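See structure below.
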Amino acid sequence: MGCGCWFGGGTKGVDVKHLCKILSMNCHLFAVIVWIGCYIVTPVFSECIQDQNCSLPSCFCGTFEHPVGRKNTPQIIYFALDDGVNSEVAEFYNRLFHPSRKNPNGCPITATLMATRKGTDFNILLDFYNRGFEVATHTDTPSAITNTTILELEIKTERQTILDNVFMSANDIQGWRSPYLKTAGDEQIRVLKKLGYRYDTSKTFVRKNATGGLNSFPLTTDFPWPYPCNIPPCWTQSHSNFWEVPINALWDYKKAYPCPTADGCHNRPDTEEDAREFIMMNFKNSYNGNRAPLGFHMMGNFFRHVPFYRAMDRFIKEVLMLPDVYIIPISKMLDWMEQPVPLAQITRYESWKCAPLASPTPAMPALPTLAPKLSAEKCVQGQNCKLPSCFCKTFDHSMNKSDIPQIVYLAIDDALDTSVSGYFERLLFNRTNPNGCPISATFFVPTTGTNYTLVRDFYAKGMEIGSHSVTHNNVITREAVSREARRSKENLATYADIPLSDILGYRSPYLATAGDDQADVLQNLGYAYDISYTFTRRPSYAKNVWPLTADFAWPLPCNVAPCLRRPHRGFWEVPVNSMWDYTNTDICAYADDCQRPPPTHDHVRRYLTNNFKNSYEGNKAPFGLHFHGRWFHESRNYMGFKGFLDYLQTLPDVYIVSVKKMLDWMQYPTPKSQIQTFGPWKCAVMKRPQFQQLS
């Protein structure tokens, strides 16, 4: 974007060329409006030109070629690992970044821990900090933060919690990552600068393809974001002395799609060799290309995916044999960006010299072995899998499509309280299905924040209530699932008067599961189904998958490891079928989790309708809407959703039911011509339970 000056009419007494030169030199810092006589001059941002209007160490332009040249550039690899730092992820980090693994200058490799206060053992975090790991901040709020006041409070709280529990200087906490990579644009940078942060690492950049195109180097925010704004808003103003570390998207091992994060690939590598191909392909793109820093941005618990963990272990050992590759945290990478030292002088570079280890060297954990391959036996409906207790993975039901009622089920997460209950009372309570019976939905509620009086009332009105844990923290071990799923069920029975036999469904917080251990525990506790695994249809017009039982483990791509590797007879899995955003270009796991949210209520209505029609005009697979009640805090979402429900009620073969009622039909599939006599969908007599006084 150029920076020019325009003067209309006469400019008496003004040296126009001199003034224009001054404004052109400074217009990248701010927009100026200068009144000259009767005329206005409005400079615009100039193009960033390194060493002319942008100079190190405080300013660096967005670029694909570093000024020191490729031969003088060390290949920097950094790991930005999100979420809680605890004993589980420490096992992974202690092997991958063991102090015995050293960079070419003889110093141990380390990483950046984008820690959250929830799920972190601060003694473990302190140990990593004392070993030279960088501690940065992230947040595990269940939604993006775009409100400036809330953002500032969240950043302050995350940082202060760490400082209260880890003996370290506030100046050492330099970096921030936004949840879901959704930022507050210019306001976010202002807040971070105000709080003393050095950098943000939330904006994404996608190179042209898997083996071509270059990654971007980190840049300062003196000039507007110079690349496509993948997740708006991006900053458009000038913010001096602040760095943005772009998340350069990796490409999946099939070279088909970019991955916003290392653990976010559609084509996830499920073997060690595929995982190694994925990692090495992306490394070589930088190493043999422009030597831009290669970042692995991911959640630490993704190393539970053993093939990926083993492949990363091999990769680290291999690249450390190269004389020009350094694995360092983001802060040290930015030290080099501010004062780029030629590769030949790196061993004398002060910032990268070895720091004394303040913690004892841990033992290196053993590398886990790969799980044995699954049985080759295939699920064949009607032969080794029979209803009502077993249903194979399928994209097409055996019943003729014209006979299948189109099921729509609503699966709503998080606390049911007065801030959201009114939306659902207005949207759901006075609607009926074509058989004359009230529509229903399923609410997956955690104990924390839930109003049990409202839960009791919603249950009495015919809504299904499922478990969403007690604490809404990551529940990813057998012990944690057992504790939280049991207590949650007991609390619903005790405080909302719901019979234990009616609490049948469980949803994992953040869709992070404990794999086979979770299915074992849930079955033992009397749950009938889990609704935590995702399925992504590609392309947008592809078919959704039908619900299935886990008699033959999880037969679909494992988007969020671990998935089921053992059979769990008669236990239902309800896949969270992805949606496509209103532009039909990107995936949304939940209806309210699109990186590009619909901008108006009409866009919301059409977005929901288009995804619905994929099932309705396709294979008639049950259409699930998965979302959080707070989605309706924005009126456009409420009005768009209302318009969508109004549309559904004009269709004579569409039934809006709870997950349980959907599974009733799956177990006993009934043609729509006989739905009036289908027992599980008959109108229930609403009996309001006796209220008990809650302390």
Side-chain angles (χ1 to χ4, degrees), residues 57 74-86 89-90 92-99 101-103 105 107-117 119-139 155 158-178 192 195-202 218 242-248 261-262 293-300 303 312 316 325-339 346 349-359 362:
Q75 179 59 66
I76 295 171
I77 298 174
Y78 66 90
F79 289 79
L81 303 168
D82 288 2
D83 294 351
V85 179
N86 49 49
V89 298
F92 307 134
Y93 303 163
N94 280 335
R95 180 175 178 87
L96 295 176
F97 310 106
H98 193 268
R101 294 182 169 178
K102 300 183 188 298
N103 285 311
N105 65 352
C107 299
I109 68 173
T110 52
T112 297
L113 306 178
M114 314 292 299
T116 56
R117 64 186 186 272
T120 289
D121 182 323
F122 292 103
N123 290 324
I124 294 176
L125 184 62
L126 174 62
D127 179 66
F128 281 115
Y129 171 72
N130 286 336
R131 285 162 45 193
F133 284 66
E134 179 188 7
V135 175
T137 53
H138 179 45
T139 180
I155 295 172
E158 289 288 348
R159 182 175 64 175
Q160 193 57 48
T161 303
I162 291 174
L163 293 174
D164 288 343
N165 292 277
V166 178
F167 186 70
M168 63 183 297
S169 167
N171 293 331
D172 285 349
I173 300 179
Q174 303 179 18
W176 166 262
R177 167 116 75 211
S178 292
L192 289 170
L195 296 177
Y197 279 74
R198 181 187 188 187
Y199 71 87
D200 173 77
T201 180
S202 305
F242 190 80
W243 285 87
E244 182 67 38
V245 179
I247 300 174
N248 285 302
T261 55
L294 174 66
F296 289 97
H297 302 260
M298 55 185 288
M299 292 187 294
F303 289 122
M312 186 61 75
I316 290 174
V325 173
Y326 285 77
I327 300 176
I328 57 176
I330 294 176
S331 58
K332 288 194 174 185
M333 180 262 287
L334 291 181
D335 290 343
W336 187 89
M337 291 297 303
E338 291 177 355
Q339 295 182 316
I346 286 293
Y349 185 37
E350 190 66 32
S351 174
W352 287 13
K353 285 187 175 179
C354 310
L357 295 180
S359 291

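Computed from a prediction, not measured in an experiment: that's the story for all the values here.
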TODO: Applying side-chain contact (heavy atoms from CB on, under 4.5 Å), run through Ile346 and Trp336 and close with a yes or a no.
DONE: CA-CA 10 Å; Ile346 286 293; Trp336 187 89; 4.0 Å; yes

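- Among residue pairs with one or both ends in residues 164-174, none qualify as salt bridge (charged side-chain N to carboxylate O under 4.0 Å, His left out); sequence neighbours excluded.
- Closest heavy-atom contact between Trp352 and Lys332: NE1-O, 3.0 Å.
- Taken from CG in Leu125 to CE in Met168, the straight-line distance is 7.5 Å, to the nearest 0.5 Å.
- There is no side-chain donor-acceptor pair under 3.5 Å between Tyr199 and Ser331.
- Residues Pro293 and Asn248 share a closest heavy-atom pair of O-ND2, 4.2 Å.
- Counting only distance, with no hydrogens or angles, the side chain of Asn103 and the backbone of Asn105 share no donor-acceptor pair below 3.5 Å.
- Between Pro99 and Arg131, the closest heavy-atom pair is CD-NH2, 4.1 Å.
- For Phe296, the ring pair (Phe, Tyr, Trp, His ring centres under 6.0 Å) partners two or more places apart in sequence, or in a different chain, are Phe79, Phe315.
- Using a cut-off of 4.0 Å between Lys/Arg side-chain N and Asp/Glu carboxylate O, Arg177 and Glu158 are scored as not salt-bridged.
- Put simply, the side chain of Phe303 reaches to within 4.5 Å of the side chain of Met298, judged on heavy atoms.
- A heavy-atom distance below 4.5 Å is not found between the side chains of Tyr78 and Leu334.
- Within the 4.5 Å cutoff, the side chain of Phe92 has no heavy atoms near those of the Phe97 side chain.
- Counting only heavy atoms from C-beta outward, the side chains of Thr161 and Asn165 approach each other to under 4.5 Å.
- Met114 is not listed as a side-chain neighbour of Asp83, based on a closest heavy-atom distance of 4.5 Å or more.
- Inter-residue side-chain proximity for Thr110 and Ile327 is flagged as unmet; no heavy-atom pair is nearer than 4.5 Å.
- In this structure, Thr112 OG1 and His297 NE2 are separated by 9.5 Å, a value rounded to the nearest 0.5 Å.
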TODO: Take Ile76 and Leu294 through the test side-chain contact (heavy atoms from CB on, under 4.5 Å) and record every step on the way to the result.
DONE: CA-CA 6 Å; Ile76 295 171; Leu294 174 66; over 6 Å; no

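- Among all heavy-atom pairs drawn from Tyr93 and Gly300, the shortest one is OH-CA, 3.2 Å.
- A heavy-atom distance below 4.5 Å is not found between the side chains of His98 and Arg95.
- Atom CG of residue Asp200 and atom CD1 of residue Ile247 lie 8.5 Å apart, to the nearest 0.5 angstrom.
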Open item on the list: Between Val135 and Val166, is the side-chain contact (heavy atoms from CB on, under 4.5 Å) condition met? List the steps.
Closed with: CA-CA 10 Å; Val135 175; Val166 178; 5.9 Å; no

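- Nearest approach of Asp335 to Ser351, heavy atoms of both residues: OD2-OG, 2.5 Å.
- Closest of all the heavy-atom pairs between Pro218 and Pro246 is CA-CD, 3.7 Å.
- Glu338 has its side chain within reach of Trp243: a pair of non-hydrogen atoms, C-beta onward, lies under 4.5 Å apart.
- Atoms CD and CG, from Gln174 and Leu192 in turn, are 12.5 Å apart once rounded to the nearest 0.5 Å.
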TODO: Go through the steps to decide whether Leu81 and Met299 satisfy the test side-chain contact (heavy atoms from CB on, under 4.5 Å), and finish with yes or no.
DONE: CA-CA 5 Å; Leu81 303 168; Met299 292 187 294; over 6 Å; no

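- Taking CD from Gln160 and CD1 from Ile162, the interatomic distance works out to 10.0 Å, rounded to the nearest 0.5 Å.
- No side-chain donor from either of Arg198 and Asn171 sits under 3.5 Å from a side-chain acceptor of the other.
- Between the OG atom of Ser202 and the CH2 atom of Trp176 there is a distance of 8.0 Å, given to the nearest 0.5 Å.
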